[in-house]
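Data block below; observations after.
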Amino acid sequence: ARFQRALYGESLSGWDSAGRPSAAEIAHHVEALWHDVIGLACVCLSFAASATVADARIAEEALLGSAAAPGEQLRRALLGAVVAVVAASALFVDILVCPCPAVADGKFRALSGIGHFAYLTVQCLSVCTVHLSLSALADALLDPLVAPAIPSGALRVALLLHAACHQNAEWCASLAVCLALLYFPLALLLPNWEQEEVQPWRRRGVHSFKALNLYSHGIAVPCVLVDLLLVKRRDLLARTAPPFTVLAALAIAYACIYPATAHLNYNLGLRREKQWAASASAELSGEGSAAKAASPAIKARLAALRAAVAASERTPRGASSGGAAEGVGVIAHLADGAWPYGFMRDLSNLRPPPRGLVRLGMRWPFSLGWVLLPCFGGSVHLLVISGMRWLHTPARDVLTHALAAEFNLG
C-alpha cells in the first residue's frame, strides 16, 4: 500500500475523479496481493512435485563426468542469478509497479477472486521466476568450491533441483515465449487495445502504463533463452529433457487448466461483488440500518459503478429508479466485466450453454468460444515447444562454436 501511495499518491474520490487511487482501490489491490501468495505457493509446490520425479544420479554423473573446474558452476550461477533477477523484475512491475485498477475497471472485479493469478501473465512470469531462481541456487551449491561445505542432505536436494531445472527448462521457456506471442500482436496491432487499455490511464495521468506492460510481457523471453542456451548444461539437458509427447500432454492440460482458473476466478469474484453491491445499495437507499453511516469508500465505489452502469448499453431498464434497481444494474455490470480479459465475455456469449444451466448461478465453460480457446492456446503452445526442442540443440551448437572461435581468435 505504501509503495502504491509513493508512486501515485492517494485521493478520496479515486482514479477517475482525482487522477490518484483511493484508499478503497489501494486496499483492494493489497488484498489481491495476499491471494497472490497462495498462487506463488502453488507454483513452488508444482516445482517440488517435479523434483520428486527427477533423477539426482543423472545430475551427479553429468557433473562428475564433465570434470568441471572450480568456479565454473559459480559462473553459471551468476549468469542464472542475473536472468532470474530480470525475470523477477518483470513480475514485480506487473503486480506492484503498474497502477492498481480503478473501481470502474474490469480488472478491479477480476482481482476479487484469486488475485493477479487470474491473468496468464502473472502465472507465466511466476513460473519463470521460480524456475530461474532455483536453477541459479542449485548451480551455486554444486560448485566444487561450495559443495564440500554443504551437508549431504542439502547436497542431494541441490542435485534434485539441478536435474529438475534441466528437466523443466524447455517448458518454462515455452511459457515465456507463448506469453509474448499472445500479447504483442494484441498490444501492437489492434487499435482497440490502445483505446481501451492505454488511453484511460493517460487521462488519469499515468503515461508509463504502456511501457510498463511491454516490459513485463517481453523481458522474460531473453531471460529464458539465455538460461536454455547458455546456463543449462547441454549433456544434462539432453538426458533429462522429457519426451515431446509428455510436453505436448502438459501443454494440452495447461490449455484446459487456465480457462478453468479463469472461470473459478469469475465465479468467486462475481459472488463476492454481488454480495457487496446488494448490501451497499441497501445502505445507500435507506433500506439498511447503516444508511447514514456508510463509509466514504463504499459511497465512492458505488458511485463509480453507477456511472459505469449508466454508460453501458447493457444497463437494465429502470436501473436508475431506486436503490434496489441500481443494485440490479450494478450486478449486471459486474457480470459483464468480471472476466480477466474482455474477450472472455465474448467467448461466453458465443453459442452459450442452455439457459437452464445459467440459472444455476454459475457460468460454466460449455460455450463454443470456451472450447475454441484451449484449442487455440494449446496449438500455439505445441508449436512453441517444438521450436524450443529444436532451438536448444542445433542453435546451441552454432552459438557455442561461434563463441569458441571468437575466444581462440582473441
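Just so it is clear, the structure is predicted and the values come from calculations on it, not from any experiment.
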Under 3.5 Å, is there a donor on one side chain and an acceptor on the other for Asn168 and His131? no

Taking Tyr258 for the side chain and Ala118 for the main chain, is one N or O donor matched with an acceptor at less than 3.5 Å? yes

CG (Asp105) and CD (Glu196) are apart, to the nearest 0.5 Å, by 11.5 Å

Hey, mind stepping through Thr261 and Phe117 against side-chain contact (heavy atoms from CB on, under 4.5 Å) and telling me if it holds? CA-CA 9 Å; Thr261 62; Phe117 271 80; over 6 Å; no

Counting C-beta onward and ignoring hydrogens, is there a side-chain heavy-atom pair between Asp36 and His116 closer than 4.5 Å? yes

Should we count CZ of Phe376 as having more than 12 external heavy atoms under 6.0 Å? no

Euclidean distance, Arg75 CZ relative to Leu230 CG, rounded to 0.5 Å: 13.5 Å

Val83 backbone acceptor or donor facing Asp227 side chain under 3.5 Å: no

Stepwise salt bridge (Lys or Arg N to Asp or Glu O under 4.0 Å) test for Glu10 and Arg5: CA-CA 6 Å; Glu10 185 179 349; Arg5 291 190 185 99; 2.5 Å; yes

Taking Phe47's backbone N and O only, do any of them form a donor-acceptor pair with Ser50's side chain (distance below 3.5 Å, no angle check)? yes

Verify, without hydrogens or angle tests, whether Trp15 (side chain) and Cys100 (backbone) share a donor-acceptor contact under 3.5 angstrom. yes

Within the distance-only criterion (no hydrogens, no angle test), does the side chain of Gln4 pair as donor or acceptor with the backbone N or O of Gly9 below 3.5 angstrom? no

Ignoring hydrogens and angles, tell me if any N or O in the side chain of Glu170 forms a donor-acceptor pair with the backbone of Ala241 under 3.5 Å. no

Going from CG on Asp235 to NE2 on His166, what distance comes out if it is rounded to the nearest 0.5 angstrom? 7.5 Å

Whether His381 side chain and Cys178 backbone form a donor-acceptor pair below 3.5 Å: no

Should we say atom CZ of Arg202 is surrounded by more than 12 heavy atoms from elsewhere, each under 6.0 Å from it? yes

Can you confirm whether the side chains of Tyr8 and Glu25 place a donor and an acceptor under 3.5 Å from each other? no

I'd like a table of donor-acceptor pairs (distance under 3.5 Å, sequence neighbours excluded) in which one partner is a side-chain atom from residues 209-226, with atom names and distances.
unit_1, atom_1, unit_2, atom_2, d
Lys210, NZ, Glu194, OE1, 3.2
Asn213, ND2, Phe209, O, 2.9
Tyr215, OH, Ser89, OG, 2.7
Ser216, OG, Asp94, OD1, 3.4
Ser216, OG, Leu212, O, 3.3
Ser216, OG, Asn213, O, 3.1
His217, ND1, Asn213, O, 2.7
His217, NE2, Thr121, OG1, 2.8

Any non-hydrogen side-chain atom of Gln167 less than 4.5 Å from a side-chain atom of Val53? yes

Output, in order, the C-alpha distance, side-chain angles, deciding distance and verdict of side-chain contact (heavy atoms from CB on, under 4.5 Å) for Ser135 and His162. CA-CA 6 Å; Ser135 178; His162 194 57; 6.0 Å; no

CG (Leu250) and CH2 (Trp171) are apart, to the nearest 0.5 Å, by 5.0 Å

When rounded to the nearest 0.5 angstrom, what is the spacing between NE2 in His29 and CD1 in Ile95? 7.5 Å

Could you please spell out the steps behind the side-chain contact (heavy atoms from CB on, under 4.5 Å) verdict for Leu175 and Tyr254? CA-CA 10 Å; Leu175 286 179; Tyr254 186 65; 4.1 Å; yes

Might you point out which heavy atoms bring Leu228 and Ala173 nearest each other, and give the distance in Å? CD2-CB, 4.4 Å

Between Leu182 and Leu120, the two heavy atoms sitting closest are CD1-CD2, 4.0 Å

Salt bridge (charged side-chain N to carboxylate O under 4.0 Å, His left out) partners of Arg203, counting only residues at least two apart: none

Give a yes or no on whether the backbone of Gln73 and the side-chain of Asp139 come within a donor-acceptor separation of less than 3.5 Å. no

After noting the C-alpha distance and the side-chain angles of Val130 and Leu40, does the key distance pass the side-chain contact (heavy atoms from CB on, under 4.5 Å) rule? CA-CA 9 Å; Val130 172; Leu40 194 59; 4.1 Å; yes

Specify the closest pair of heavy atoms between Ala51 and Leu160, including all atoms of both residues, with the distance to one decimal. O-CD2, 3.7 Å

Ser126 backbone acceptor or donor facing Thr129 side chain under 3.5 Å: no

Given 3.5 Å as the limit, does a donor-acceptor pair link the side chain of Ser11 with the main chain of Arg20, or not? yes

Output the distance between atom CG (Leu142) and atom CG (Leu161), rounded to the nearest 0.5 Å. 9.0 Å

Smallest separation among heavy atoms of Leu74 and Asp143, with atom names: N-OD1, 3.2 Å

